[in-house]
Amino acid sequence: MTHYWLMKSEPDAFSIDDLKRLKKSPWDGVRNYQARNFMKEMKEGDKVFFYHSSCSPSGIAGTAKVSKKAYPDHTSWDASSYYFDPKSTQDNPRWFMVDVEFVEKWPSILTLAELKQDSVLADMLLTKKGNRLSVMPITKDEWEYITVMLKK
DNA sequence: GCCAACGTTGGC
DNA sequence: GCCAACGTTGGC
């Protein structure tokens with residue numbers, strides 16, 4: 001069964017255009033346990049909203065899909081990497097990543113402000129105050145509703 | 001750049 | 001196990 005997710009990235013570091021160009025990319029550098037646990041639940045073919053964060057405007061930029069399920073994030077073993085974590089070992093990897101594949105770039109960003117304005121989406125994790133999760137689940141209803149919003 | 005809201009760390 | 005101090009995220 002397909003599950004639905006939202007993944008945040010700062011477009012200065014990695015944007016929907018980067019993914020479009022590369023077609024497929026590892027989603028490395030997640031260093032939050034809740035986000036990691038969600039990635040471990042991902043299955044190949046799961047659908048992903050690609051969210052641009054810490055930019056203007058912040059919002060959903062397009063869609064992607066999971067092309068490889070969770071495997072150890074090797075950047076946690078690389079002492080020269082920004083994402084290095086000495087507590088993550090080969091025998092007992094602490095951090096994981098998935099591969100995502102480009103699906104679609106939307107004609108415009110569906111902004112956080114627009115998402116917040118919609119009462120139907122009031123229960124979304126994303127629009128809740130103080131939510132900083134970089135990987136979060138989306139319900140099927142939310143996925144379909146947001147997809148329709150875009151086409152208006 | 002500010003700062004609220006979290007998450008993590010480490011002393012006790 | 002508590003909790004203060006510190007670090008990070010991310011909208012504004």
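All heavy atoms count here, side chains included; hydrogens, waters and symmetry mates do not.
Atom P of nucleotide B/dT9 and atom CZ of A/R31 are separated by 13 Å, given to the nearest angstrom. Note: CD (A/Q34) to C1' (B/dA5) measures 14 Å, nearest angstrom. Rounded to an integer number of Å, the gap from OH of A/Y82 to P of C/dG7 is 13 Å. For the pair A/Y33 OH and B/dG7 C1', the interatomic distance rounds to 11 Å; values are reported in whole Å.
No donor-acceptor distance shorter than 3.5 angstrom exists from the side chain of A/D28 to the backbone of A/M97, with no hydrogens or angles considered.
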For nucleotides 10-12 of chain C, which of its nitrogen or oxygen atoms have a protein nitrogen or oxygen under 3.5 Å away, and what is each distance?
unit_1 : atom_1 : unit_2 : atom_2 : d
C/dG10 : OP1    : A/K8   : NZ     : 3.3
C/dG10 : OP1    : A/R132 : O      : 2.8
C/dG11 : OP1    : A/Y51  : OH     : 2.8
C/dG11 : OP2    : A/S54  : N      : 2.9
C/dG11 : OP2    : A/S58  : OG     : 2.9
C/dC12 : OP1    : A/K116 : NZ     : 3.2

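The shortest side-chain heavy-atom distance between A/K69 and A/M42 does not fall under the 4.5 Å cut-off.
For A/W77 and A/Y83, the gap between ring centers reaches or exceeds 6.0 Å.
Not one side-chain nitrogen or oxygen of A/K129 sits closer than 4.0 Å to the OP1 or OP2 atom of B/dA4.
Ring geometry for A/Y33 against A/W95 counts as tilted: the plane angle lies between 30° and 60°, on a 0 to 90° scale.
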*asked:* Please determine whether side-chain hydrogen bond (donor to acceptor under 3.5 Å, both in side chains) holds for the pair A/T75 and A/R31, giving the CA-CA distance in whole Å, both sets of side-chain angles, and the decisive distance to 0.1 Å.
replied: CA-CA 11 Å; A/T75 63; A/R31 295 293 180 269; 3.1 Å; yes
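At a threshold of 4.0 Å, the pair A/K20-A/D17 does not count as salt-bridged, since none of the basic side-chain nitrogens sits closer than that to a carboxylate oxygen.
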